[in-house]
Visitor: 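Take this structure first; my questions come after.
Whatever order the structure lists them in is the order used to number ligands and atoms, beginning at 1. Model, not experiment: these values are computed from the prediction.
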Amino acid sequence: MRDLSFCRQQFPSLTRRGENGKPLVFLDGPGGSQVPYAVINAISEYYQHHNANTHGRFITSRESDRIVDKARLDMKAFLGAPTEGTISFGQNTTTLNFLLAQALGASFRPGDEVIVTDLDHDSNISPWLSLTERGIVVRHAPITDDATLDLDAFKNLLSEKTRLVALGWASNAVGTVNPLSTIREWTRQVGSLMLVDAVHWAPHGPIDVGDLKPDFLLCSAYKFFGPHIGILYAAPGLLDTLPTLRVRPQAPTGPEKIETGTLNHAALAGVSAALQFIGSLDGDNQATYSGQLHQAMESIYAYEHSLLGLLYEGLSHMSPISLYGPAVNQSRRAPTISFTVADMPSDRVAEALGQQGILVWDGDFYAMTLVDRLGLRDKGGLVRLGLAPYTTADEIHRTLDAIGALGVRRRG
Ligand SMILES: Cc1ncc(COP(=O)(O)O)c(C=O)c1O
């Protein structure tokens with residue numbers, strides 16, 4: 001396992017201190033990671049030297065064209081996609097998902113079915129619920145007590161009426177990773193499309209759409225050290241067939257077909273820089289950029305999981321803490337730990353940790369159905385700790401001490 005904490009120097013924000021003068025501990029990554037100098041510089045460099053609209057007959061416009069093309073090529077490498085023509089950009093994942101739902105929904109007929117899951121972020125539920133107005137039926141795949149999908153119930157929902165299964169790669173609330181290959185197989189058997197929300201997984205482990213072969217996959221660069229921008233992978237040729245909302249001069253084929261209006265070119269320069277930063281962490285022995293990024297993501301996974309073990313072990317010995325989601329080290333999962341403290345609402349826990357300079361999220365993180373199913377609505381939802389390659393073991397110990405100081409006792 002490579003120690004990746006050397007990458008801390010790349011993040012200017014990590015030198016910030018809180019109100020009490022202590023260095024801040026950034027465990028808020030699932031809401032958006034910190035951003036390295038390389039990304040900040042690439043965005044600034046764009047505005048200083050290349051700022052123009054695309055497809056013009058002058059130097060800055062041609063440079064902008066190259067920046068957009070490069071971002072597609074780099075995302076193709078990151079996702080293991082077959083061509084850069086399968087990569088579209090948009091404002092964020094939620095907006096791209098709504099645009100897709102509008103376009104796909106136009107080809108669905110009343111009585112056709114879409115399956116969503118109780119584990120998902122609402123960004124991958126509400127766009128599909130919007131289709132019910134047209135008589136499309138949305139079915140909800142339930143979860144079990146440990147916040148994993150109930151696979152028997154899931155399988156029973158599939159039928160020849162299923163047109164789309166929309167589900168997450170990993171839960172942004174509790175870290176569960178879904179058995180995507182199995183579900184891909186099931187969707188093939190009934191002739192359904194499959195859409196994967198990889199927003200929470202993309203910062204934590206490799207993605208290979210060439211292997212999984214989803215029809216659509218979405219992620220957001222601001223979760224993996226980049227700027228606020230959404231990315232859509234659509235299987236080759238698929239966008240060409242969809243009636244996306246578009247202005248008449250817009251390209252009638254993918255990847256531009258779903259890109260309404262002018263893209264954020266500076267942010268696209270930042271996307272390439274974010275991927276270059278990831279590639280700098282490991283994988284320089286690999287023959288291709290895709291191989292390098294893949295290996296770097298495996299190293300991020302291994303590093304974050306060594307810290308996750310420490311955090312989980314510490315928390316599981318504390319009383320009265322309840323932990324949610326699959327146990328650590330039993331399966332592949334995201335390095336995201338959520339818990340509640342008995343007799344203390346989650347906002348108070350997050351507030352108290354925030355006062356100690358430990359930045360954590362509380363609530364449902366838009367995974368509303370999951371929090372309701374776990375019966376935690378009255379509690380104010382969960383407290384969520386998210387790890388990143390810039391997290392250190394010292395920060396984990398500091399966090400455990402701060403949680404301990406909330407009046408939580410060690411068990412046994
Ligand atoms: C799992 C998951 N899906 C979707 C989203 C929405 O992404 P965006 O903010 O890019 O719309 C988020 C954001 O937190 C997320 O965690």
Visitor: Would you please determine whether Tyr222 falls within less than 4.0 Å of ligand 1 on a heavy-atom basis?
Guide: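 Under 4.0 Å: yes for Tyr222.
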
Visitor: Go through ligand 1 atom by atom and flag the ones less than 4.0 Å from a non-hydrogen atom of Ser123.
Guide: 4 (C), 6 (C)

Visitor: Give the residue and atom name of whichever protein heavy atom lies nearest to atom 16 (O) of ligand 1, and the separation in Å to one decimal.
Guide: Asn172 CB, 3.3 Å

Visitor: Got the closest protein heavy atom to atom 15 (C) of ligand 1, with its distance?
Guide: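 Residue, atom and distance for the closest contact: His121 CD2, 3.2 Å.
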
Visitor: Heavy-atom distances under 4.0 Å are what count here, so tell me which part of Val199 touches ligand 1: side chain, backbone, both or neither.
Guide: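 Side chain only; the backbone of Val199 stays clear of ligand 1.
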
Visitor: Which distance, rounded to the nearest 0.5 Å, do you find between the CD1 of Ile358 and the CD of Glu395?
Guide: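 That separation rounds to 9.0 Å.
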
Visitor: Apply the test side-chain hydrogen bond (donor to acceptor under 3.5 Å, both in side chains) to residues Asn124 and Trp128: give CA-CA distance (whole Å), side-chain angles for both, the deciding distance (0.1 Å), then the verdict.
Guide: CA-CA 7 Å; Asn124 202 19; Trp128 308 109; 3.1 Å; yes

Visitor: Atoms of ligand 1 less than 4.0 Å from Asn92 heavy atoms?
Guide: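 Answer for ligand 1: 8 (P), 10 (O), 11 (O).
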
Visitor: Under a 4.5 Å cut-off applied to non-hydrogen side-chain atoms, are Thr391 and Glu304 in contact?
Guide: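 Answer no - side chains too far apart.
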
Visitor: Hey, is ligand 1 close enough to Ser220 that some N/O pair sits below 3.5 Å?
Guide: yes

Visitor: Is the shortest side-chain heavy-atom distance between Tyr233 and Phe78 below 4.5 Å?
Guide: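 Of all side-chain heavy-atom pairs linking Phe78 with Tyr233, none is under 4.5 Å.
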
Visitor: Go through ligand 1 atom by atom and flag the ones less than 4.0 Å from a non-hydrogen atom of Lys223.
Guide: 13 (C), 14 (O)

Visitor: Looking at side-chain heavy atoms only, is the closest gap between Thr260 and Gln250 below 4.5 Å?
Guide: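 They are in side-chain contact.
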
Visitor: Is it possible for you to check whether Arg16 lies under 6.0 Å from the centre of the six-membered ring of Phe26, through NZ or CZ, and within 45° of that ring's axis?
Guide: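 Judged by the rule (NZ or CZ under 6.0 Å from the ring centre, within 45° of its axis), Arg16 is not positioned above Phe26.
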
Visitor: Given Asp364, which partner from the list Arg377, Arg384, Arg373 fulfils the salt bridge (Lys or Arg N to Asp or Glu O under 4.0 Å) test?
Guide: Arg377

Visitor: Mind checking whether Phe277 and Phe225 have parallel, tilted or perpendicular rings, split at 30° and 60°?
Guide: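 Answer is perpendicular, since the angle exceeds 60°.
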
Visitor: Counting non-hydrogen protein atoms only, what is the nearest one to atom 11 (O) of ligand 1? Give residue, atom name and distance.
Guide: Thr94 OG1, 2.5 Å

Visitor: Would Asp197 count as a contact residue for ligand 1, given that I'm defining contact as a non-hydrogen atom of the residue lying under 4.0 Å from a ligand atom?
Guide: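 Right, Asp197 reaches ligand 1.
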
Visitor: Of all the heavy atoms in His228, does at least one lie under 4.0 Å from an atom in ligand 1?
Guide: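 The answer is no: ligand 1 sits nowhere under 4.0 Å from a heavy atom of His228.
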
